[in-house]
2 protein chains.
Amino acid sequence: MTVTLADVAARAQVSPATVSRVLNGNYPVAASTRERVLKAVDELDYVLNGPASALAAATSDLVGILVNDIADPFFGIMASAIQGEIGGPGGRAGGERLAVVCNTGGSPERELTYLTLLQRQRAAAVVLTGGAIEDAPHKAATDAKLRKLADAGTRVVLCGRPQAPETGAVALTFDNRGGGQELTEHLIGLGHRRLGYIAGPLERTTTRHRLEGHRAALAAHGIGEDARWTVHGQYDRRSGYEATLELLRRDPTLTAVVAANDSVALGACAALRDSGLRIPDDVSVAGFDDLPFSIDVVPALTTVRLPLAEAGARAGRIAMGREEAPAGGIAVVRGELMVRGSVAGPRG
Amino acid sequence: MTVTLADVAARAQVSPATVSRVLNGNYPVAASTRERVLKAVDELDYVLNGPASALAAATSDLVGILVNDIADPFFGIMASAIQGEIGGPGGRAGGERLAVVCNTGGSPERELTYLTLLQRQRAAAVVLTGGAIEDAPHKAATDAKLRKLADAGTRVVLCGRPQAPETGAVALTFDNRGGGQELTEHLIGLGHRRLGYIAGPLERTTTRHRLEGHRAALAAHGIGEDARWTVHGQYDRRSGYEATLELLRRDPTLTAVVAANDSVALGACAALRDSGLRIPDDVSVAGFDDLPFSIDVVPALTTVRLPLAEAGARAGRIAMGREEAPAGGIAVVRGELMVRGSVAGPRG
DNA sequence: CCCTACATAGAAAGCGCTTGCTGTGACGTT
DNA sequence: AACGTCACAGCAAGCGCTTTCTATGTAGGG
């Protein structure tokens, strides 16, 4: 039914071994023979059996990219950059690798299961993107899995995720804390003293780090914390909308709202507008990430730009062994404050 | 080194066959035996060798999702929905399948190569999303590949892509033409007579269909075409920005700009604003797709909502054989006009 | 002109798993 | 009491490829 290596061999009048060598090109084969084989491959429309070759060679060309939410451009952009370097077909990489992105949906179980599936497929490399879950048992399980993958020869790279010591994984972490701090300092510098903060889900490292940065800035300027000023939610627009209404309810005198990311900030803007407040005249709004749309909303969003594409590309190269891992297995990627129209000094 | 089925069998004092059956669960195994095996699996931390089992069983649990641009939410949303139904780990599907999304970047070659790679992996199903390329040779090559995949037992589903007759693929196509027409009719109904159109890349079916709908609406109302009113570009913001400036240069009296999609519309808005024109007072702007951010820009974008998530979910179910394919192998998914603030009657 | 060296090609042993077919006791039947 | 039935478990034959080792023909070297 399906064409196999043996069929090609028969047609080209050579042994299967020779065909395999022509296809893999890591063994001398006479030019004339190679040509004959290639011709047979073409005529028979032969397609290598991936599983069989992976089994025999004990390696596969699969590279896994784990993302928390593929519908979120934050991950889309990173995934795109990673995949661009992995080569996938057409990449300058040459060796054809199948870069696949796996959507965990932020669920620890799915993350673990995907990791197992990838391990099962003997993936050549795995890149995990975005914040990690801070649940201890889950972290232990994930780390153990990463360790096992690394031991089995799979290259593991963390992109935009904190380092996981002892796992053998290379980490490119974002300086969420520093970025958050810089952003809030900017607001404080403009005179804001009552700042609401819309944080992401509690158990994510990203959430915690950004919030810590925010608080560090407040503390540095002697601004006392008010528990009412922080609300947790998801990393999406709707959550930002609702959280903002809640914030306004708790303290209508806030002069600025800092959001955990740009999508949340968008929701915040909508909520403020719907509440009859002008941005930035009545309330300033800031986001995080600097996703493409952030410059297009009106007023344009003040935010912290994360070099998503650059970091992703680097992670991809490291995963392919095409770039050396940073010293100590970790590199911190800094964000850049983008000051735009959504922020101004407090009214009055 | 690595633990194999045989190791588990030895430890559980059974034959490899039994272990395999316990793991696959499609053959009666005594409860006590099963338990013993499971215990051994656990103790040994055994992970099935994917390639080996795929080879032996002649099937794999890989499902490929091809997207044109993973950084674009349009695809991210569909991919997310598809993956949700594929099950991936954690999905209600049960059978654990590895849903992988492959980013073609809109390149015909990459699309083809990914298809080959998927074929090589003996993928269980493949879902192709978004517009197809209209280049004849490429279409022929793709169709042939799809046909081959289908013949090999891979379920092929097209989501948001025109039908590919003779390939055995099921298609869920978006009614881009109808949506485009409805949108433009709405503008005409408001009194617009001079409408600029920013189309997508020439060779995409999506581009052509939307444009055809637009023109059909113009024709239906006796509005003559003016070649100056159509500009082609990419499906991104920047392209929209530049195209709008070009449009304005060609005819400053336009009262409306219809964009190929929401991202382009965003760029158009920015260009208009930068040109000192108010939206919708001076110029109305409309998009297509209704991506999440479209409701957040100011003014909110009038656009055609495509049920991306619903269509994706359905495509996923069909790919999994969990929902019957539509009669004739094709279903047309209609868009819905969303009238919002970015459109008003022409000034004066 | 014989011998060593090299360049190729083939033979064959797996890689780790699935599965059709073949036992083998324990039961239920007549 | 002899025998057909089940319910399980094991045997063993691959699945299609890679790769080590070996064979062969040819080209130099002495």
Side-chain angles (χ1 to χ4, degrees), chain A residues 1-38 40-41 44-62 95-96 117 119-122 124 152-153, chain B residues 1-38 40-41 44-62 95-96 116-117 119-124 152-153:
Chain A
M1 176 68 232
T2 64
V3 183
T4 73
L5 232 211
D7 299 330
V8 176
R11 184 166 241 267
Q13 315 251 51
V14 297
S15 74
T18 301
V19 177
S20 171
R21 298 202 259 246
V22 167
L23 262 25
N24 291 296
N26 43 17
Y27 192 89
V29 173
S32 63
T33 313
R34 156 182 288 100
E35 210 169 290
R36 206 143 31 90
V37 170
L38 258 19
V41 165
L44 258 29
D45 215 359
Y46 170 68
V47 177
L48 190 70
N49 181 314
S53 95
L55 172 59
T59 62
S60 96
D61 49 11
L62 216 62
E96 279 184 6
L117 248 29
Q119 179 183 10
R120 186 175 285 187
Q121 298 301 326
R122 305 301 190 252
Chain B
M1 177 65 232
T2 64
V3 183
T4 73
L5 232 212
D7 298 330
V8 176
R11 185 165 239 268
Q13 315 250 50
V14 296
S15 74
T18 302
V19 177
S20 171
R21 298 203 258 247
V22 167
L23 263 23
N24 290 298
N26 43 17
Y27 191 88
V29 174
S32 63
T33 312
R34 157 183 286 98
E35 210 169 289
R36 206 144 30 92
V37 170
L38 257 18
V41 166
L44 259 30
D45 215 1
Y46 170 68
V47 177
L48 189 70
N49 181 314
S53 98
L55 171 58
T59 61
S60 95
D61 49 11
L62 215 64
E96 280 185 3
T116 302
L117 248 28
Q119 179 183 10
R120 187 175 284 188
Q121 299 300 326
R122 306 302 189 250

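No experiment lies behind these values; they were computed from the predicted model shown. Just so we're on the same page: letters track the sequence lines, and every chain starts at 1.
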Interatomic distance where CD belongs to Q121(A) and C1' belongs to dG16(C) [whole Å]: 13 Å

Contacting residues from residues 16-30 of chain B, given that a heavy atom lies under 4.0 angstrom of DNA chain C: A17(B), S20(B), R21(B), N24(B), Y27(B)

Nearest-nucleotide pick for A56(B), side chain only, options being dA11(C), dA9(D), dG16(C): dG16(C)

Euclidean distance, atom CG of residue L55(B) to atom P of dG16(C) [Å, nearest integer]: 12 Å

Any residue meeting side chain to side chain donor-acceptor pair (under 3.5 Å) with S53(B), in chain and number order, not counting sequence neighbours: none

Whether R36(B) side chain and A12(B) backbone form a donor-acceptor pair below 3.5 Å: yes

dA9(D) phosphate, OP1 or OP2, under 4.0 Å from T33(B) side-chain N/O: yes

Phosphate contact (dG10(C) OP1 or OP2) by S15(A) side-chain N/O below 4.0 Å: yes

With sequence neighbours excluded, residues passing side chain to side chain contact (heavy atoms under 4.5 Å, CB included) with T59(B): A57(B)

All side chain to side chain contact (heavy atoms under 4.5 Å, CB included) counterparts of S60(A), not counting sequence neighbours: A54(A), L62(A)

Residues 21-28 of chain B side chain polar contacts: donor-acceptor under 3.5 Å, at least two apart:
residue, atom, partner, partner atom, Å
N24(B), ND2, S20(B), O, 2.8
N24(B), ND2, S20(B), OG, 3.3

Value in whole Å for how far the P atom of dT18(D) lies from CG of D61(A): 11 Å

Closest-nucleotide ordering on DNA chain D, the 5'-leading residue of S32(B) and A54(A): S32(B)

Protein-nucleotide distance (L5(A), atom CG; dA11(C), atom P), rounded to Å: 14 Å

Side chain to side chain contact (heavy atoms under 4.5 Å, CB included) partners for A30(B), two or more places apart: S32(B), T33(B)

d(CG, N49(A); P, dG16(C)) in whole Å: 17 Å

Euclidean distance, atom CZ of residue R120(A) to atom P of dG16(C) [Å, nearest integer]: 16 Å

